[in-house]
Enquirer: 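Can you keep this structure in mind? I'll have questions shortly.
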Amino acid sequence: HFVIQFGGATWLNKPDSVSTGGFSRTFNMYVMLDFPFKTNPHFSVALGPGLGTDHIFLDKQIADIAGNTTSIRFTRLADSSYFDKYKVSTAFLELPVELRFIANPDAAGRSFKMAIGAKVGTMLAAWTKGKELKNKSGNTINDYIEKEKSKRYFNTTRLAVTGRIGYGHFTLFGTYALTPVFKEGVGPKMNTLSLGLTLSGL
């Protein structure tokens with residue numbers, strides 16, 4: 001079964017030095033196998049590999065993820081030039097595992113269903129992307145794109161808890177990362193929360 005998820009994402013417990021804005025988002029895609037319980041087909045276990053991505057937009061601010069300092073720096077640019085759109089993105093190779101319940105196993109596409117689970121992932125990449133440089137008055141200085149790529153400050157292993165509930169091929173999902181975004185001592189202790197819509201046969 002293909003599982004496709006799209007929704008919003010945020011960093012919880014962020015300090016005042018980190019300012020997010022815009023529509024921060026998550027996109028996940030998995031290929032999962034479903035193993036119904038022989039004793040009770042209403043319940044099953046599903047698992048399979050996939051890709052999980054998060055894109056957190058900053059508000060008139062940049063993050064120096066490729067710096068040479070001992071900790072990551074978030075620099076506010078509102079009083080000078082700033083990027084109209086600037087995001088911090090991560091991509092993980094993940095393995096989700098779910099315990100699923102379906103009200104009518106014989107008609108999965110027309111049935112209430114719910115699932116709880118967890119997923120573990122290893123980071124494939126982390127990068128920032130700034131687009132359209134503006135001055136403090138909001139006028140465009142240069143319409144170009146600036147990118148940086150580095151995993152230096154990030155936790156490269158992620159463990160998260162998950163939940164889904166819905167009907168037919170559509171379910172609402174929630175994911176909370178138990179591991180912080182950044183390594184201990186090199187950045188704010190923030191955890192990623194994402195909510196959105198799942199399209200799947202599971």
Side-chain angles (χ1 to χ4, degrees), residues 4-29 50-94 119 121-162 172-197:
I4 299 174
Q5 296 179 327
F6 179 79
T10 188
W11 287 338
L12 297 182
N13 306 315
K14 62 181 181 290
D16 294 338
S17 59
V18 178
S19 179
T20 57
F23 178 52
S24 297
R25 57 186 181 268
T26 186
F27 177 79
N28 310 311
M29 184 170 58
L51 178 70
T53 64
D54 294 310
H55 307 272
I56 306 295
F57 283 85
L58 302 184
D59 182 23
K60 298 180 180 178
Q61 194 173 46
I62 62 172
D64 188 10
I65 66 168
N68 294 318
T69 58
T70 56
S71 60
I72 186 171
R73 292 182 178 178
F74 288 85
T75 304
R76 187 159 180 79
L77 303 176
D79 296 328
S80 58
S81 57
Y82 64 92
F83 287 103
D84 182 50
K85 293 181 180 179
Y86 187 92
K87 65 180 180 179
V88 180
S89 300
T90 56
F92 285 83
L93 176 65
E94 295 184 315
K119 59 183 181 179
T122 183
M123 179 176 282
L124 298 176
W127 68 96
T128 60
K129 181 179 179 181
K131 183 178 180 181
E132 192 176 350
L133 190 65
K134 294 188 173 184
N135 61 24
K136 63 181 181 180
S137 299
N139 299 315
T140 299
I141 300 173
N142 197 334
D143 188 9
Y144 79 108
I145 294 175
E146 180 181 283
K147 295 181 180 180
E148 280 190 321
K149 187 176 182 180
S150 176
K151 298 188 284 185
R152 174 183 175 88
Y153 300 113
F154 292 87
N155 265 323
T156 55
T157 299
R158 181 166 70 176
L159 178 64
V161 292
T162 64
L172 300 176
F173 79 89
T175 301
Y176 174 74
L178 300 175
T179 47
V181 177
F182 301 110
K183 297 175 183 176
E184 183 72 25
V186 304
K189 191 174 182 179
M190 305 180 294
N191 298 69
T192 305
L193 173 69
S194 56
L195 302 169
L197 182 68

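Residue indices begin at 1 and follow the sequence shown.
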Enquirer: Check whether the side chains of T192 and D54 place a donor and an acceptor atom closer than 3.5 Å, and report yes or no.
Expert: no

Enquirer: Calculate, to the nearest 0.5 Å, the distance between atoms OH and OG1 belonging to Y176 and T162 respectively.
Expert: 14.5 Å

Enquirer: Charged N to carboxylate O under 4.0 angstrom, E148 versus K129?
Expert: no

Enquirer: Are the charged groups of K60 and D84 less than 4.0 angstrom apart, N to O?
Expert: no

Enquirer: What closest approach, in Å, do N135 and Y82 show between heavy atoms, and which atom pair accounts for it?
Expert: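 Closest heavy-atom pair between N135 and Y82: O-CE2, 3.2 Å.
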
Enquirer: Which value, rounded to the nearest 0.5 Å, describes the distance between N139 atom CG and S81 atom OG?
Expert: 12.5 Å

Enquirer: Please name the residue in the list V186, I65, V181 that meets the side chain to side chain contact (heavy atoms under 4.5 Å, CB included) test with I72.
Expert: I65

Enquirer: Is it true that T140 and E132 share a donor-acceptor pair across their side chains at a distance under 3.5 Å?
Expert: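 Looking only at side-chain atoms, T140 and E132 do form a donor-acceptor pair, the distance falling under 3.5 Å.
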
Enquirer: Nearest 0.5 Å, please: how far is CZ in F83 from CZ in F57?
Expert: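 Here the interatomic distance stands at 13.0 Å.
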
Enquirer: Could you measure the distance from the CZ atom of F173 to the CG atom of L197? Nearest 0.5 Å is fine.
Expert: 8.0 Å

Enquirer: For D59, is there any backbone N or O sitting under 3.5 Å from a side-chain donor or acceptor partner on R76?
Expert: yes

Enquirer: Dump the intermediate steps for side-chain contact (heavy atoms from CB on, under 4.5 Å) on T90 and M123, then the final yes or no.
Expert: CA-CA 7 Å; T90 56; M123 179 176 282; 3.8 Å; yes

Enquirer: Under the salt bridge (charged side-chain N to carboxylate O under 4.0 Å, His left out) rule, what do K131 and E146 come out as? Steps first, then yes or no, please.
Expert: CA-CA 7 Å; K131 183 178 180 181; E146 180 181 283; over 6 Å; no

Enquirer: What distance separates Q61 CD from Y86 OH, expressed to the nearest 0.5 Å?
Expert: 9.0 Å

Enquirer: Grab the two heavy atoms, one from N28 and one from G52, that are nearest each other, plus how far apart they are.
Expert: OD1-CA, 3.1 Å

Enquirer: How many angstroms lie between atom CE of M190 and atom OG1 of T20, to the nearest 0.5 angstrom?
Expert: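 Spacing of CE (M190) from OG1 (T20) equals 9.0 Å.
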
Enquirer: For S89, what residues pass the side-chain hydrogen bond (donor to acceptor under 3.5 Å, both in side chains) criterion, not counting sequence neighbours?
Expert: H55

Enquirer: Does a donor on one side chain and an acceptor on the other come within less than 3.5 Å for Y153 and T70?
Expert: no

